[in-house]
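Here the structure comes first, spelled out in structure tokens, and everything after it is commentary.
As the structure is a computational prediction, the values presented were derived from the model and not from experiment. Note on naming: letters A, B, ... go to the chains in the order of the sequence lines (proteins, then strands), and numbering restarts at 1 for each one.
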Amino acid sequence: MNAIELQNITKTYRGGVTALKGVSLEVAEGDFYALLGPNGAGKSTTIGIISSLVNKSSGKVSIFGYDLDTQLELAKSQIGLVPQEFNFNPFEPPLQILVNQAGYYGTPRKEALIRAEKYLKQLDLWGKRNEPARELSGGMKRRLMIARALMHEPRLLILDEPTAGVDIELRRSMWLFLTELNKQGVTIILTTHYLEEAESLCRNIGIINQGELVINTSMKELIGRLDSETFILDVNSTSDLPDTTDFKFTIIDERTVELELAKAHSLNNVFKLLTEKGIEVKSLRNKSNRLEELFLELVKNGVIDAK
Amino acid sequence: MLNKQYVVAVKSIWAKEVNRFLRIWVQTLVPPAITMSLYFVIFGNLIGERIGEMNGFSYMAFIVPGLIMMSVITNSYSNVASSFFSAKFQRNIEELLVAPVPNYLIIFGYVGGGVARGLMVGFIVTLVSLFFVDLHIYNVLVLIASVLCTSILFSIGGLLNAIFAKTFDDISIIPTFVLTPLTYLGGVFYSISLLPDFWQGVSHFNPVFYMINAFRYGFLGVSDVPIVWSFVVIFTFIIVGYSLVAILLKKGAGIRS
């Protein structure tokens with residue numbers, strides 16, 4: 001079963017701005033799906049329509065088979081939303097925010113208190129459960145929104161840039177938490193500007209550009225489209241680099257070399273040639289994230305308009 | 001969603017609303033008690049003694065029902081107006097909009113919160129009034145029905161205001177320029193029989209006039225207008241107000257793009 005089916009969704013705002021021009025998309029149950037695109041491409045509008053915060057102009061949306069037009073409440077009860085902006089009452093404490101939210105989905109208070117304790121502990125917020133939410137740090141606020149979205153145990157979790165402004169340690173702990181949730185069967189849709197995040201978490205990917213879904217494929221397939229990869233090599237010497245047309249070396253400094261490696265070639269060949277020249281490779285890393293390289297390639301080829 | 005879950009949902013909205021005004025009780029429950037004490041002292045005691053009787057009752061006894069009703073109206077209205085608008089402003093209204101809560105439950109929850117504050121303030125003001133006058137109840141059913149319906153009506157009014165409001169100014173304009181004049185001219189401080197015929201006629205177009213008179217009838221057994229008419233007017237306004245709010249929420253006015 002598909003968690004989400006969008007059929008030819010369009011959205012024109014009152015001022016005449018067309019945000020979506022007929023987006024069709026299917027996300028399978030259990031998927032971890034990345035929805036990417038430049039700012040203003042239509043990602044948040046798409047999420048708004050799925051979560052019924054934005055009225056669509058035309059098209060059909062179904063969530064786990066429930067039609068958003070005719071079975072709105074059933075469709076809504078499948079979704080947990082973590083929006084981009086903080087949208088809880090800053091004067092209420094986390095425990096109250098969570099129990100209220102569960103109540104809106106019909107979860108009795110007794111059960112809601114048990115779930116709130118579980119998620120507040122899992123997300124390391126239990127100690128702050130009675131503090132006003134406005135006094136939480138940025139990272140805590142993000143985690144509070146995730147806990148709130150999980151209170152009714154949704155089958156589909158939508159996260160709109162959940163790690164924006166979060167430090168790397170916390171970001172990685174959130175990745176682990178989301179991966180675990182996905183393993184438990186929760187379908188996850190993620191929008192993010194951290195392409196490393198999308199690449200390491202998501203199995204499938206959609207890219208929206210100017211209100212149109214220009215790419216919808218598996219992460220593996222998309223990454224496979226990269227013609228070449230760029231690596232940074234830390235070496236003991238750059239004085240006698242191999243002279244070859246198979247790959248391109250660019251010296252950055254006397255101990256660092258940039259290597260552009262076409263898909264047709266392997267790193268084994270590079271190491272072999274370097275060894276022959278007596279050059280030792282101390283370490284190696286990607287110059288940038290592969291998805292990021294691909295994204296830039298798509299911008300370069302005009303597939304994505306990055307204004 | 002089953003009916004049982006609907007009950008949990010509406011109780012959650014209501015409880016959130018009640019918690020809100022109890023959390024800020026210094027702003028919500030104390031000021032009406034102080035303001036009304038001043039009214040009782042100045043208008044009831046000091047000036048009232050010189051005025052004498054009104055419709056056969058001491059001036060203090062005459063104005064107490066009107067002042068209680070004035071507190072109920074103001075507090076029911078402002079509770080819903082400020083709470084719903086703040087939820088819009090801080091965007092936590094989205095917590096409700098993404099949840100499987102039908103619009104009529106959102107209305108019930110918010111109006112329920114407004115009624116709870118209106119009645120609580122009405123009760124506090126009634127307790128304060130006991131220091132100044134011996135209150136007798138003429139018809140308890142009329143008393144309860146009139147205060148409850150008025151509170152419901154003005155809670156709906158507050159919600160309507162909050163739906164249209166775009167700034168905090170917008171939720172203070174109606175109470176200041178519409179609600180206060182209607183309440184003061186609705187017969188809180190006088191019987192309309194004191195007015196010239198023309199102004200008596202004009203007073204009949206003021207909905208607050210019917211509410212205050214119904215409530216006063218519950219206490220004193222006197223009214224400037226038949227009680228049945230009072231309830232017809234109150235129910236008509238409730239139905240019209242509720243329908244308007246329901247239509248606006250369905251369209252997503254002010255809350256959905």
Select, from Gly80(A), Pro108(A), Pro90(A), the one with the greatest count of heavy-atom pairs under 4.5 Å involving chain B. Pro90(A)
Arg20(B) portion near chain A, given a 4.5 angstrom heavy-atom threshold: neither
Flag the one option from Glu85(A), His152(A), Arg148(A) with the top tally of heavy-atom pairs under 4.5 Å to chain B. Arg148(A)
So for atom CZ, which belongs to Phe164(B), do other residues, nucleotides or ligands contribute more than 12 heavy atoms lying within a distance under 6.0 Å? no
Exam field: side chain Lys76(A) to backbone Leu97(B), donor-acceptor pair closer than 3.5 Å: yes
Hey, is OH on Tyr13(A) packed in by over 12 heavy atoms from elsewhere, all under 6.0 Å? yes
Using a cut-off of 6.0 Å, state whether more than 12 heavy atoms not belonging to Phe89(B) lie near its atom CZ. no
Does a sphere of radius 6.0 Å around NZ in Lys121(A) hold more than 12 heavy atoms from other residues, nucleotides or ligands, not counting ones at 6.0 Å or beyond? yes
Check whether Phe88(A) gets within reach of chain B through its side chain, its backbone, both or neither, counting any heavy atom under 4.5 Å. both
Quick check for you: among Ala15(B), Ser86(B), Ser12(B), Ala87(B), which has the greatest number of heavy-atom pairs under 4.5 Å with chain A? Ser12(B)
Could you tell me if the side chain of Gln90(B) sits less than 4.5 Å from the side chain of Phe86(A), heavy atoms only? no
Against chain B, label Thr107(A) side chain, backbone, both or neither, depending on which of its atoms sit under 4.5 Å from a heavy atom there. backbone
Heavy-atom neighbours of Phe237(B) CZ exceed 12 at 6.0 Å: no
Honestly, the part of Ile79(A) sitting under 4.5 Å from a heavy atom of chain B is neither
Sole residue of Arg91(B), Glu94(B), Glu95(B) in side chain to side chain donor-acceptor pair (under 3.5 Å) with Asn87(A): Glu94(B)
Side-chain heavy atoms of Arg109(A) within contact of Lys11(B), under 4.5 Å: no
Is it true that the side chains of Tyr104(A) and Gln5(B) contain a donor and an acceptor less than 3.5 Å apart? no
So what's closer than 4.5 Å to chain B heavy atoms on Arg14(A): side chain, backbone, both or neither? neither
Side-chain heavy atoms of Leu96(B) within contact of Gln101(A), under 4.5 Å: no
Go through the steps to decide whether Tyr105(A) and Val98(B) satisfy the test side chain to side chain contact (heavy atoms under 4.5 Å, CB included), and finish with yes or no. CA-CA 10 Å; Tyr105(A) 286 82; Val98(B) 298; 3.7 Å; yes
